Asker: 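What follows is a single structure, and I will ask about it in a moment.
None of these values were measured; they are calculated from a predicted model.
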Amino acid sequence: MASGGARTARPRQPDGAHEFAAYVGGAAPRLLRTAALLTGEAEQAGAGTERPDGAGTVQGATGTEPATPPTGTESPGTEPPGAGSTAPEPAAPLALALLRRALARTYADWDRLESGDPYDHTRAELLALFLRSSWYRRRPGRGPLAALPARVRLVLVLRLYEGVPEEQVAALLGLSVDRVRLLCARGVRLLLHPPGPGAAAP
């Protein structure tokens, strides 16, 4: 997982920004859906998915307009192109803010990801940011996972939506495989049999 500390500015490869833009154009819709599941805003996000740079709908992998890198959260010297756009309030603002930060960190590390999978890097940053800050959990969403505890939600998203093996989930979250299995079973049970309105928090 990428470090959350300060990053040293590095010279950008000539085609790095274009490669990153193409990556965002293909991966952002799924990543935003993952972020919305984590923040409990999946229902608000719906089928329309905003671009992480705030410029409207995300183009898919076969879209004709590549997305631009995220803006506003990069270290000095790593600011990507495409700043200054405005857009209406997004349907899933917490998820969009979470994804923008994760993509900004991926962009800052882009030149060092030649042998790695940028999707895995961005997803790991999503998880780290979500775990470290309660800001993304302070407004309850209306999505199907909104009522679940944060760690249970994380395990369900990774196992059932992202299809990450139990061993990898355990390594990402610093848990044992048995604990991951237990949290996943607990989450499925709560989804299938949600507690009543007056029940205690799970």
Asker: Considering residues at least two apart in sequence or located in another chain, which fulfil the salt bridge (charged side-chain N to carboxylate O under 4.0 Å, His left out) criterion with Arg181?
Answerer: Glu166, Asp178

Asker: Are Val188 and Val155 co-members of a hydrophobic cluster defined by side-chain heavy atoms under 4.5 Å apart?
Answerer: yes

Asker: Nearest 0.5 Å, please: how far is CG in Leu32 from CZ in Arg100?
Answerer: 10.0 Å

Asker: If you look at every heavy atom in Arg159 and Pro165, which pair is closest and at what distance?
Answerer: NH1-CA, 3.9 Å

Asker: Give me the one residue out of Leu99, Leu98, Val24 that meets side-chain contact (heavy atoms from CB on, under 4.5 Å) with Leu31.
Answerer: Leu99

Asker: What pairs with Thr34 under side chain to side chain donor-acceptor pair (under 3.5 Å), at least two apart in sequence or on another chain?
Answerer: Glu162

Asker: Let's go through Leu113 and Trp110 carefully: what are the C-alpha distance in whole Å and the side-chain angles of both, what is the deciding distance for side-chain contact (heavy atoms from CB on, under 4.5 Å) to 0.1 Å, and is it a yes or a no?
Answerer: CA-CA 5 Å; Leu113 294 178; Trp110 189 255; 4.2 Å; yes

Asker: From the options Asp120, Leu158, Val157, select the one residue that forms a side-chain contact (heavy atoms from CB on, under 4.5 Å) with Val164.
Answerer: Leu158

Asker: Which pair of heavy atoms, one from Ala95 and one from Glu41, lies closest together, and at what distance?
Answerer: N-OE1, 2.7 Å

Asker: Between the side chains of Arg33 and Tyr161, is a donor N or O closer than 3.5 angstrom to an acceptor N or O?
Answerer: no

Asker: Using the side-chain contact (heavy atoms from CB on, under 4.5 Å) rule, pick out the option among Leu173, Leu154, Leu175 that qualifies with Leu183.
Answerer: Leu175

Asker: So does Thr122 get a backbone contact from the side chain of Arg105, meaning a donor-acceptor N/O pair under 3.5 Å?
Answerer: no

Asker: Could you tell me which non-hydrogen atom of Tyr23 sits nearest to which non-hydrogen atom of Pro118, and how far apart they are?
Answerer: OH-O, 3.1 Å

Asker: Any idea which heavy atoms bring Arg186 and Pro149 closest together, and the distance?
Answerer: NH2-CG, 4.1 Å

Asker: To the nearest 0.5 Å, how far apart are CG in Leu103 and CZ in Arg101?
Answerer: 12.0 Å

Asker: Quick one: closest heavy-atom pair of Arg153 and Leu37, and the distance?
Answerer: CD-O, 3.2 Å

Asker: Could you tell me the separation between the OH atom of Tyr119 and the OG1 atom of Thr106, rounded to the nearest 0.5 Å?
Answerer: 11.5 Å

Asker: With a 4.5 Å cut-off on side-chain heavy-atom distances among I, L, V, M, F, W and Y, is there a chain of contacts connecting Leu190 to Leu160?
Answerer: yes

Asker: Sequence neighbours left out, what passes side chain to side chain contact (heavy atoms under 4.5 Å, CB included) with Leu191? Give chain and number order.
Answerer: Leu145, Leu148, Leu156

Asker: What pair of heavy atoms forms the shortest contact from Ala102 to Leu129, and how long is it?
Answerer: N-CD1, 3.6 Å

